[in-house]
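Note that the structure is a prediction, hence the values are computed from the model and not measured. Each chain gets a letter, A, B and so on, in the order its sequence line appears, and its residues count up from 1.
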Number of protein chains: 2
Amino acid sequence: MKPTIYDVAKKAGVGIGTVSRVINNSSQITPETKSRVLKVIRDLRYQPHAMARGLAQNKSLMVAIILPSFTGYFYLELLRGIQQEISEHSYDIVLYNVDNPERIDIFMNRILRERRVDGMLLVSMSISEKYKDRFLRANFPIVLVDSFHKELDSVSVENEQGAYLATKHLIDQGHNKIGMIDAQLKSTPAKIRLQGYKKALKDHHLPFNKNYLLISDADTDKDGFNRQAGYEAMKQMLAMPDRPTAVFISSDVQAAGAIRALQEAGLTIPRDMAIVGFDDIELAQYLGLTTIHQPLYEMGRLAVHRLMERIKGKLPEHLDKHFSTHLVIRDSCGAKASSNSNTSAGNR
Amino acid sequence: MKPTIYDVAKKAGVGIGTVSRVINNSSQITPETKSRVLKVIRDLRYQPHAMARGLAQNKSLMVAIILPSFTGYFYLELLRGIQQEISEHSYDIVLYNVDNPERIDIFMNRILRERRVDGMLLVSMSISEKYKDRFLRANFPIVLVDSFHKELDSVSVENEQGAYLATKHLIDQGHNKIGMIDAQLKSTPAKIRLQGYKKALKDHHLPFNKNYLLISDADTDKDGFNRQAGYEAMKQMLAMPDRPTAVFISSDVQAAGAIRALQEAGLTIPRDMAIVGFDDIELAQYLGLTTIHQPLYEMGRLAVHRLMERIKGKLPEHLDKHFSTHLVIRDSCGAKASSNSNTSAGNR
DNA sequence: TCATTATATGGAAGGGCTTCCATGAAGAGG
DNA sequence: CCTCTTCATGGAAGCCCTTCCATATAATGA
């Protein structure tokens with residue numbers, strides 16, 4: 001059987017309290033005792049039982065990360081940041097993948113009451129008021145990522161500014177019939193990107209034509225941020241009588257689908273249709289897609305950092321960080337791209 | 001405070017044992033008692049404390065997944081399969097990302113003794129004999145994925161057959177100077193793919209020229225499965241006096257780097273250099289890369305399935321599943337591609 | 001009717017840790 | 001030399017469950 005703290009105590013000739021203090025390196029221990037106990041711990045290969053500790057201390061050293069279908073390019077970089085920062089705090093990640101929106105409630109419930117994790121990161125999902133209240137009441141640490149709520153810490157991106165940049169860039173290229181392919185508006189980023197698009201049009205005295213706004217996956221239960229949705233939206237757009245000459249698309253994966261639709265229609269990018277995407281996932285480089293870059297890695301780190309503060313019981317004021325974005329010019333918009341795009345490691 | 005089993009018992013006017021039996025739906029409970037207790041549970045919003053259960057039952061309902069730098073295209077599809085199957089068993093995933101090979105020992109140690117998880121999936125990593133023995137001795141459930149050990153359950157791919165297919169395909173295109181860019185040979189798949197390459201050469205009476213074999217990241221501590229490594233290997237290959245006219249590359253991400261190197265050198269694919277990759281990650285479609293497809297989703301599912309059997313204490317015979325691969329012909333090899341490649345959803 | 005068996009239930013013990021309180025030794029102060 | 005602190009240490013109690021054993025009750029059979 002695995003050795004317990006009692007075995008260590010007995011073999012070292014000390015009490016269990018002392019062993020516990022050594023493990024948690026309390027200050028009230030003479031160096032001699034400490035080293036004697038440590039030696040026994042090593043000899044016995046003793047390792048404290050995680051759940052017993054958790055039970056006694058009422059904490060688990062784990063945080064939940066909830067993401068919608070975690071198999072997406074978009075989340076890779078984010079996860080890298082999260083992972084990095086979390087391991088620096090020697091916490092572990094419990095991954096929850098919510099593909100079905102209804103299941104989110106189940107997770108929330110479990111997470112809140114089962115006490116298996118000390119905090120949670122909710123990625124790209126909005127939280128219902130009901131659960132928001134429950135989390136707040138329970139004082140349960142939670143940070144939103146790529147999403148926003150005025151009463152909860154959140155880390156996201158200047159979606160409006162990014163969309164504005166994208167749209168303005170197309171305007172600067174001389175386009176005046178600029179469409180938008182957006183994801184479902186129930187997604188906060190999608191909604192705000194639409195605002196940025198509209199604002200850019202308005203600031204440049206272009207009318208907002210609602211026929212030029214297509215919503216991906218409009219009548220499905222998906223969020224619309226996927227390739228197929230982009231593909232279909234573009235097909236629809238191409239079928240329009242007086243179609244746009246340029247389009248801002250709310251994510252790079254959708255843009256990937258849109259590009260395919262254009263190719264299939266035998267159209268040339270950017271001549272027949274200029275495109276700007278959003279996210280700057282690695283794929284965008286390969287596609288030569290002009291897009292809006294978000295500092296995902298940093299977002300992940302900051303989110304975890306804040307979560308850790310909450311877990312440690314600090315009461316920092318409400319965080320509402322919006323990272324700013326920037327435009328990455330490649331080939332799909334018709335502007336001259338700056339030469340160098342040979343960055344990023346790109347693991348298998 | 002959160003309600004405990006005592007609160008429930010008291011309010012329902014029963015003993016804690018009874019409540020416990022209701023929770024674990026034991027058969028020995030009268031329907032009336034059961035429904036009364038259930039009602040109280042609902043009223044109190046009682047939820048058993050996960051760690052207390054874990055401590056008492058000595059199991060955690062969590063499984064560790066250890067992967068090398070989990071931010072890689074390659075693992076997305078695999079994770080999807082894993083995730084799917086695991087949630088069907090209502091287990092949760094604890095994710096460990098091992099970027100530094102030395103840290104693997106730390107994880108192993110913790111996992112084995114801390115008892116925070118009930119089993120583990122070790123992905124794309126080989127296990128040292130020392131730990132293999134310890135896991136076996138402790139009877140700790142473990143399944144290798146994309147890796148192999150004769151004493152442990154493992155799920156991987158016919159790497160040799162795949163590499164053979166790739167190489168043979170290049171031979172069939174009329175090439176006779178075929179190089180290989182491989183990852184570090186300490187990686188099992190890399191080693192076996194090399195064997196497949198050699199075998200194909202041999203079977204077709206072509207000599208193995210060791211100058212034509214380049215190892216990515218040869219003198220770093222990385223595994224070589226990354227874009228930068230592929231980029232540099234290709235540069236090196238291009239500098240060779242009598243260079244190959246075709247190359248088999250051990251992964252698609254490496255191939256992505258290699259393609260860039262070729263583009264920078266102003267060379268055309270496949271005219272100046274034909275390429276076949278390995279993995280068939282989504283990126284390969286965009287690159288028009290001919291490659292070897294692996295059924296990653298299925299691999300993930302099977303691995304979890306087997307792990308669950310082990311956890312449940314079944315003693316199935318040793319599993320050593322090698323999924324077979326197939327060639328996906330696109331543009332980079334010079335053969336005519338079959339038209340349709342419009343598959344896979346591609347989430348953000 | 002009584003003895004016997006089956007069945008539902010209560011609750012102590014135990015799982016492995018932390019933490020608090022009590023204890024005793026050593027050091028400080030007069 | 002004696003009293004008062006200070007501080008390292010031992011170990012009981014408690015964290016919240018499950019499980020086993022004992023008990024009470026009902027059902028069965030003769």
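- Taking the salt bridge (Lys or Arg N to Asp or Glu O under 4.0 Å) definition, one finds that A/Arg53 meets it with nothing, sequence neighbours left out.
- To the nearest angstrom, C1' of D/dT18 lies 15 Å from NE2 of B/His49.
- Nearest nucleotide to the B/Gln57 side chain, out of C/dG16, D/dC17, D/dT18: D/dT18.
- In this structure, B/Asp7 atom CG and D/dC16 atom P are separated by 9 Å, rounded to whole Å.
- Contact annotation: B/Thr30 side-chain N/O to C/dT9 OP1/OP2 distance is under 4.0 Å.
- Using the six-membered ring where Trp is involved, B/His305 and B/His89 have ring planes that are perpendicular, over 60° apart on the 30 and 60° scheme.
- Contacts of residues 11-25 of chain B with DNA chain C (heavy atom under 4.0 Å): B/Gly13, B/Val14, B/Gly15, B/Ile16, B/Gly17, B/Thr18, B/Arg21.
- Remark: P of C/dG15 and NZ of B/Lys59 are 18 Å apart, rounded to the nearest angstrom.
- Put simply, CD1 on A/Ile5 is 18 Å from P on C/dG14, counting in whole angstrom units.
- With sequence neighbours excluded, the residues that form a salt bridge (Lys or Arg N to Asp or Glu O under 4.0 Å) with B/Arg301 are B/Glu85, B/Glu88.
- Rounded to whole angstrom, the span from the CD atom of B/Glu32 across to the C1' atom of D/dA26 amounts to 13 Å.
- Checked against side chain to side chain donor-acceptor pair (under 3.5 Å), B/Glu151 has the following partners two or more places apart in sequence or in another chain: B/Lys132.
- Comparing B/Met51 and B/Ile29, the nucleotide of DNA chain C nearest to each residue sits closer to the 5' end for B/Ile29.
- Of the listed nucleotides (C/dG14, C/dC17, C/dG16), C/dG16 has the atom at the smallest distance from the side chain of A/Leu55.
- Annotation for A/Lys39: atom NZ does not count as buried by contact number, only 12 or fewer foreign heavy atoms lying within 6.0 Å.
- The side chain of A/Gln28 places an N or O atom within less than 4.0 Å of a non-bridging phosphate oxygen (OP1 or OP2) of D/dA8.
- Between A/Lys34 atom NZ and D/dA8 atom P there is a gap of 12 Å when expressed in whole angstrom units.
- Spacing between atom CG of B/Leu61 and atom P of D/dC17 amounts to 14 Å, rounded to whole angstrom units.
- Partners of B/Arg116 under the side chain to side chain donor-acceptor pair (under 3.5 Å) rule, at least two apart in sequence or in another chain, do not exist in this structure.
- In this structure A/Lys321 satisfies the salt bridge (Lys or Arg N to Asp or Glu O under 4.0 Å) test with no other residue, sequence neighbours excluded.
- Separating the CD1 atom of A/Ile41 from the P atom of C/dC17 is a distance of 10 Å, rounded to the nearest angstrom.
- Contact between the side-chain N/O atoms of A/Tyr6 and the OP1/OP2 oxygens of D/dG10 is not found at any separation under 4.0 Å.
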